[in-house]
Protein chains: 2
Amino acid sequence: MQDCGMVPLSRKSPVPPDRCNLARAVDQIGDRWTLLILRSALYGVRRFDDFQTELGTPRTILSGRLKSLVDSGLLAKRTYKVEGRRARPEYVLTTKGEALRPVLIALNQWGDQWLESEGQPPISFTDSQSRQAVRIAFVTEDGREVSVENMRIVLRR
Amino acid sequence: MQDCGMVPLSRKSPVPPDRCNLARAVDQIGDRWTLLILRSALYGVRRFDDFQTELGTPRTILSGRLKSLVDSGLLAKRTYKVEGRRARPEYVLTTKGEALRPVLIALNQWGDQWLESEGQPPISFTDSQSRQAVRIAFVTEDGREVSVENMRIVLRR
DNA sequence: AAGCTGGATTTGGATGACGAACCCATGCAA
DNA sequence: TTGCATGGGTTCGTCATCCAAATCCAGCTT
């Protein structure tokens, strides 16, 4: 098995970037801070200062990123109130935002495998029934795994 | 089913960003141009001008991004030679770079589902055997699908 | 030698990132 | 009722990065 060159040469992509949903997804979330904010949000972080403390994001940037995440419907701005404290906004994942979880877990697992780091990965997932480790994969409609080599591209138009 | 708020509130992530392989992966590839370049590369694009033409990346930026993708071991710089033309460099995905394919396909499918666009998605995947549509999912070691609700987080240390 | 071609650097102006300081509304305690 | 602490921002000036256009450069063809 070679180290590279498995993909056949092509002079251009089958789908031009301006019609490609991957490219358009990258436009929405393909940014360092945005991705880090989503990571925290998927762990349940909701408050401005919690994001700021955890990530060290400059407050100006954080403010802007939260705003555009709300604009693109990934986060919802709501109000929370702790007793004896004034009401404050919080930023909660929408269903659209939640739907990114598999993507970020997949990226996490890529990092576990390919980014050298001492020791075991600090976080992983198991099936609560079988207790087996869980990984990301492609499956058919009925849940049967398909290997990457057996996947065929279908183009429309 | 609500639109948001499914994730329980947390004041900080279980894994701090500096030890998190997801955060470290974001540091390597969490950038608009980098992601777009990888997208093209996964489709087989290899040459400077082909990237440039397809993506419209400023040449200065493209040059820098390719360099750092080579530095981080996602692309390999090789030489190709068309007869009657001088030898030129090309940028080919390494195994590490190839390993990002599931991540980008997952993101593509997220875009198909959540980014409004007219008509059918321009590209999709099927199982070459059963011809069924393929989607991303979590599976156990032996390839049985696990739903998100049945997944349990395991922390180390 | 003149021209083409693909890969890349140089230049200066526009854009965005950043840290520090400040603002502001509220609840609470003196 | 003044004062202060808290959480969630905005304003400001500086500095880094992005970007388009022009230039460079090697080597191949004519």
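Residue numbers start from 1 in every chain, and the chains themselves are labelled A, B, ... in the order their sequence lines are given, proteins ahead of strands.
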Self-check item: Verdict with supporting geometry, B:Thr79 and B:Glu90, side-chain contact (heavy atoms from CB on, under 4.5 Å)
Solution: CA-CA 6 Å; B:Thr79 300; B:Glu90 67 178 356; over 6 Å; no

Would you mind checking if [Y] and [X] are paired as a salt bridge, meaning a charged N to carboxylate O distance below 4.0 Å?
{"X": "B:Arg32", "Y": "A:Asp27", "value": "yes"}
{"X": "B:Asp142", "Y": "B:Arg144", "value": "yes"}
{"X": "A:Lys12", "Y": "B:Glu54", "value": "no"}
{"X": "B:Arg135", "Y": "B:Asp112", "value": "no"}

Quiz prompt | Spatial distance of atom OG1 (A:Thr34) from atom CZ (A:Arg65) [nearest 0.5 Å] | solution = 5.0 Å

Quiz prompt | A:Gln52 versus A:Arg59, closest heavy-atom pair with distance | solution = OE1-NH1, 3.6 Å

Quiz prompt | Closest contact, heavy atoms only, A:Val7 versus B:Ala41 | solution = CG1-O, 4.3 Å

Quiz prompt | A:Tyr91 six-ring centre to A:Arg47 NZ/CZ under 6.0 Å and within 45° of normal | solution = no

Practice problem: Examine the side chains of A:Ser130 and A:Asp127 and answer whether a donor and an acceptor come within less than 3.5 Å of each other. | Solution: yes

Quiz item: Between B:Leu66 (CG) and C:dA8 (C1'), how many Å, whole number?
Solution: 11 Å

Exercise. Find the distance A:Arg86:CZ to C:dC24:C1' and express it as a whole number of Å.
Key: 7 Å

Quiz item: So which one's nearest nucleotide on DNA chain C is more toward 5', A:Lys81 or B:Glu90?
Solution: B:Glu90

Practice problem: State whether the number of non-hydrogen atoms from other residues, nucleotides or ligands found under 6.0 Å of B:Arg156 atom CZ is greater than 12. | Solution: yes

Quiz prompt | Positions of residues 46-65 of chain B (non-hydrogen atom under 4.0 Å from DNA chain C), listed by number | solution = B:Arg47, B:Phe48, B:Asp49, B:Arg59, B:Thr60, B:Ser63

Quiz item: 5' to 3' on DNA chain D, which nucleotides open and close the contacts with chain A (atom under 4.0 Å from a heavy atom)?
Solution: D:dT6 to D:dT11

Quiz item: Does OP1 or OP2 of C:dA8 have a side-chain N or O of B:Lys77 closer than 4.0 Å?
Solution: yes

Practice problem: Look at all strands and tell whether A:Arg85 reaches a base, only sugar-phosphate, or nothing, counting heavy atoms closer than 4.0 Å. | Solution: sugar-phosphate

Exercise. Please work out which residues in residues 25-40 of chain B have a non-hydrogen atom less than 4.0 Å from an atom of DNA chain D and list them by number.
Key: B:Trp33

